[in-house]
Structure formats: structure tokens, C-alpha cells
2 protein chains.
Amino acid sequence: MSDGRSGSGFGGESLLFLTDEQLRQGIEAMFFAYRGFTADPDRILAELAYGRAHHRALHFISRSPGTTVNNLLSILGVTKQSLNRVLRALVEDGLVDSRVGTLDKRERNLYLTEQGQELEQRLSDAQRIRMRSAYKQAGPEAVQGFKKVLEAMMDADMRRAYVEMREKPQ
Amino acid sequence: MSDGRSGSGFGGESLLFLTDEQLRQGIEAMFFAYRGFTADPDRILAELAYGRAHHRALHFISRSPGTTVNNLLSILGVTKQSLNRVLRALVEDGLVDSRVGTLDKRERNLYLTEQGQELEQRLSDAQRIRMRSAYKQAGPEAVQGFKKVLEAMMDADMRRAYVEMREKPQ
DNA sequence: CAGTTTATGTCAGCATTGTTGACATTCCAA
DNA sequence: TTGGAATGTCAACAATGCTGACATAAACTG
């Protein structure tokens, strides 16, 4: 593993020889890029005494209005207790509406209020500006590759969630 | 900004029309992929009562042996106080060696001990396995695009740090 | 149908890791 | 040589992970 060389052997099934150095570059690219990716929303959130956790909740509630707490936490990959703290703040501040489920009263269906939509929009806009600029600089084929590698990097269940969302736009 | 449509206008300088929906997919891809990206090292770290912060420190000390605290925190993008806590633990546990600078005694030069190198290797190996698998699934052109978009997504100073590291392998 | 188990969500308390503030040491420049 | 700047450490606070305990609603079982 640490011979600085790796790939699928010499059997001819692949000509990809990925050195540890090449892989390390990818790792560092992910690290640095993710920082940029979150930087703009982070600045807005800091003014409002919110954090990334609030942004993530707003994003996915906006994405799937009426979603339940349970649903949301499987997407976000945090515990329900952790998510709850964030949701409580958002509900108290009037950004999120939490309605008792009609079919199953244990559930809470989550919606953005008008104010919540406003903030979500503001955060998304900031993040999209950077994304759009990166896409333009890199070009369409690069974007294709970008998505392909990211998708291959996800855990199986996250890939499922991702693909499902992608296929049900709105 | 929120018309679901964006691009560079109709002037002909670009035929890229990036809908908000396309951009949102990219945003979600980054989010889900980053989770996968950190998942494997996270599992190892959890066993050892370390966190991502420790991993990052080990990675960049391994990358640039002898680097200073100041240097490291500009790369990591955290405050020196935050980094210090992590470094203290690593030094106490015998993973990192912190030597008073010879030229400037205010500085501390950081090195991995043998034990530190071992853990760093273990973490990197885990992360590289996933990265290599993603690269193979996506193919070489996709990897090119992946790096191109990520680089364009970085803040200017992070891009500088990234490129610099890339050009001075080891 | 009564009683138990399971599912969903909330509240409380702890750990990690970010933050700012105060400070000691060292270097450098006036 | 002395005052300010740079580097790093210690302390205390905030955000957000986590586990545990619990209330309520639904579902299952005899």
C-alpha cells in the first residue's frame, strides 16, 4: 500500500497507474475546495449566529418541503438529537414550520416559512455564484468528470439519496 | 439570481447555461462526496479518540516535515489556539515532535515521530483506497475534470498553497 | 381489546473543535 | 537598548457532533 504505486496490476484490465502522489493531490484538492465551497455561506451565517448545520437543514427542507425529521437526519448523517437542536432554533426564529403529521402523528413535517425561504435563497445564491464561476472556468467536460468522480466517492446509501434527489427535481 | 437560469448572457462568449438545478446538483454532490471522503479515516480516528483535526495536522506535517505552527495554521485555516490544542495532544502522545527553531527560537518545527508516521500512513491508506476506487470508476478524463473544477472552486490563497504543494512533491 | 414493543421526536449533558482574549518569549528596528 | 511585532501557549466560551433518558403515537401479539 505504501510503495507509492498502485493500480490494477499488469494483467491489462486497466492502464491506470495511480501513484500515491497523484492520489494525495486529489485528497488535498478535496480539502481545499471544500473550504472554498462553504466559505461564502459561512460568512452570511456568521452574521446571523447560525452555522453550517442550519444551512444544511434549510437546504434540504427547501429541497423536499414536508420532509420529516427522520428523513432529514438520514440525509444529513447526524443524530436526531443533534439535528433537533438546530431545528428548534430555526422554528423558534420563525424560519421553519414544524407541523404534526396528519397520517402519523409522531412525525413532524417540515416547511420553510417565507422568512426561511428568503435566507435559504440568500445562502444558495452565494454558494451558486462560486459554483457557477468554477464550472465556467473549468468547462462542461470538466464538470461531467467532476460529478462522476464525486458520485463514485460517495457511500452507497448517500449515492442512492443523491441520485434519487437528482431524478426528482423540485 | 433566482430565476433558475444563469450564464454569461447571449453575447456568444459562452454557450454554458447553468440552471439553478444543475448547480444545486453540484452542491449536493460536494456535500455527499465529502462525507464519503472523510468516512474511512473518521472510523480509524474514532477508535483512537482523535478527530479530523488531528488527521489534518498529521497529513500536512507529513507533507512538509519541519513546518512551523504558523505555516500549518495558514494551510488549515483555523486559529493557532485551535491548532495548538490538537498539536499538544499529538506531542504528548508521542506522534509529533515539536522542536524549537534554530534560526528563530520563537518558531517550532514540527516532525512526525515514527509512531506518528505509522498513524498518518494508516489514515492516508484508508483515504487513498476510496480515492483510487473512485478514480478508477470514473476514468482518467473524469479525474482531470474533477481536479479542474475543484481547483477553480478554491479561494485564491488556498489555490496558491495547493499548487505550490503540488509542484514540490514531498 | 389489552399489553408490549417499536418508531418518532424532545430534553439534558458531555466531547470535539472552532472562536477570542491574555500573556510569555523572541526578534527586529528605531 | 528599548518598544513594538511576531510566534506560540494557556484559559474560557460557543457551535455542533455524540449518548442516554424519556414522552407520545403506532404497530404488533396474544
Side-chain angles (χ1 to χ4, degrees), chain A residues 31 34-35 38-39 41-61 66-93 96-111, chain B residues 31 34-35 38-39 41-61 66-93 96-111:
Chain A
F31 172 69
Y34 199 78
R35 288 255 301 281
T38 56
D42 280 356
R43 266 186 289 272
I44 297 172
L45 291 159
E47 290 170 19
L48 304 172
Y50 289 134
R52 266 181 221 177
H54 301 86
H55 181 191
R56 291 194 285 263
L58 291 173
H59 176 99
F60 286 105
I61 294 172
T67 188
T68 63
V69 173
N70 221 6
N71 220 311
L72 202 50
L73 61 90
S74 76
I75 298 272
L76 295 176
V78 298
T79 59
K80 58 185 176 174
Q81 297 91 329
S82 193
L83 175 57
N84 184 258
R85 190 194 299 117
V86 167
L87 284 179
R88 202 190 316 162
L90 292 172
V91 169
E92 278 173 9
D93 296 352
V96 166
D97 194 8
S98 166
R99 302 182 206 154
V100 172
T102 46
L103 239 138
D104 186 334
K105 288 178 190 164
R106 291 171 303 180
E107 295 181 340
R108 300 290 178 273
N109 295 112
L110 304 168
Y111 302 88
Chain B
F31 172 68
Y34 199 79
R35 288 255 302 281
T38 55
D42 280 358
R43 266 186 288 274
I44 297 172
L45 291 160
E47 290 170 19
L48 304 173
Y50 288 134
R52 265 181 221 176
H54 301 87
H55 182 192
R56 291 194 284 263
L58 290 173
H59 176 100
F60 286 105
I61 295 172
T67 188
T68 63
V69 173
N70 221 6
N71 220 311
L72 202 50
L73 61 89
S74 75
I75 298 273
L76 295 177
V78 298
T79 59
K80 57 186 177 173
Q81 297 91 329
S82 191
L83 176 57
N84 184 258
R85 191 195 298 115
V86 167
L87 285 178
R88 202 190 316 163
L90 292 174
V91 169
E92 277 173 10
D93 296 352
V96 167
D97 195 7
S98 167
R99 302 182 206 154
V100 173
T102 46
L103 239 139
D104 186 333
K105 288 178 189 162
R106 291 171 304 180
E107 295 182 340
R108 300 289 178 273
N109 294 112
L110 303 169
Y111 302 88

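Since the model is a prediction, treat every value here as computed from it, not as a measurement. Order of the sequence lines fixes the chain letters, A, B, ..., with proteins taken first and strands second; residue numbering starts at 1 for each chain.
- Spacing between atom CG of A/Asp42 and atom C1' of C/dG18 amounts to 11 Å, rounded to whole angstrom units.
- Checking C/dT26, D/dA25, C/dT8 against the side-chain heavy atoms of A/Asn70 singles out C/dT8 as nearest.
- The CG-C1' distance, from B/Asn109 to D/dG8, rounds to 13 Å in whole Å.
- Closest approach to the B/Ala53 side chain among D/dT9, C/dG18, D/dC10 is made by C/dG18 (side chain taken as heavy atoms from C-beta onward).
- Listed here is the closest heavy atom pair of B/Arg108 and B/Lys105: NH1-O, 3.1 Å.
- We find the OG1-OH distance between B/Thr67 and B/Tyr111 to be 9.5 Å, quoted to the nearest 0.5 Å.
- Closest to the side chain of B/Asp104, from the set C/dG18, C/dT26, C/dT8, is C/dT26.
- Residue A/His54 places at least one side-chain N or O under 4.0 Å from the OP1 or OP2 atom of D/dT16.
- Within the 4.0 Å cut-off from OP1 or OP2 of C/dT17, not a single side-chain nitrogen or oxygen of A/Arg52 is found.
- For the residue pair A/Thr102 and A/Asn109, the shortest heavy atom distance occurs at N-OD1, 4.4 Å.
- In this structure, OH of B/Tyr50 is placed 15 Å from C1' of C/dA15, rounded to the nearest angstrom.
- Scanning atom types as modelled, one donor and one acceptor separated by under 3.5 angstrom connect the side chain of A/Arg85 and the base of D/dG17.
- Side-chain to base pairing of A/Arg106 with D/dA26: no donor and acceptor N or O lie closer than 3.5 Å to each other.
- Distances from the side chain of A/Ser82 to the nucleotides D/dC18, C/dG9, C/dG18 place D/dC18 closest.
- Between B/Asn84 and D/dT9 there is a side-chain polar atom (N or O) within less than 4.0 angstrom of OP1 or OP2.
- Under 3.5 Å, the side chains of A/Arg52 and A/Thr38 contain a donor-acceptor pair of N or O atoms.
- As a whole-Å value, the separation of A/Leu83 CG from D/dC18 P is 11 Å.
- Here A/Lys80 lies in heavy-atom contact (under 4.0 Å) with a base.
- Per the geometry, CD belonging to B/Glu47 stands 20 Å off P belonging to C/dA15, to the nearest Å.
- The phosphate of C/dT19 has OP1 or OP2 within less than 4.0 Å of a side-chain N or O from B/Thr79.
- Comparing A/Val86 and B/Glu107 by the nucleotide of DNA chain D that holds the closest heavy atom to each, the one mapping nearer the 5' end is B/Glu107.
- Two residues are said to be in side-chain contact when any heavy atoms from C-beta on lie closer than 4.5 Å; A/Leu110 and A/Asp97 fail this criterion.
- Taking only distance into account, the side chain of A/Gln81 meets the base of D/dG20 through a donor-acceptor pair shorter than 3.5 Å.
- Across the protein-nucleic acid pair, A/Leu76 atom CG and D/dT16 atom P stand 13 Å apart, rounded to whole Å.
- The CG atom of B/Leu103 sits 13 Å away from the P atom of D/dT7 (whole-angstrom rounding).
- The side chain of B/Arg108 sits closest to D/dG8 out of C/dG9, D/dC18, D/dG8.
- You'll find the ring centres of A/Phe31 and B/Tyr34 outside the 6.0 Å limit.
- In this entry the distance linking CZ of A/Arg56 with P of D/dA15 reads 15 Å, nearest Å.
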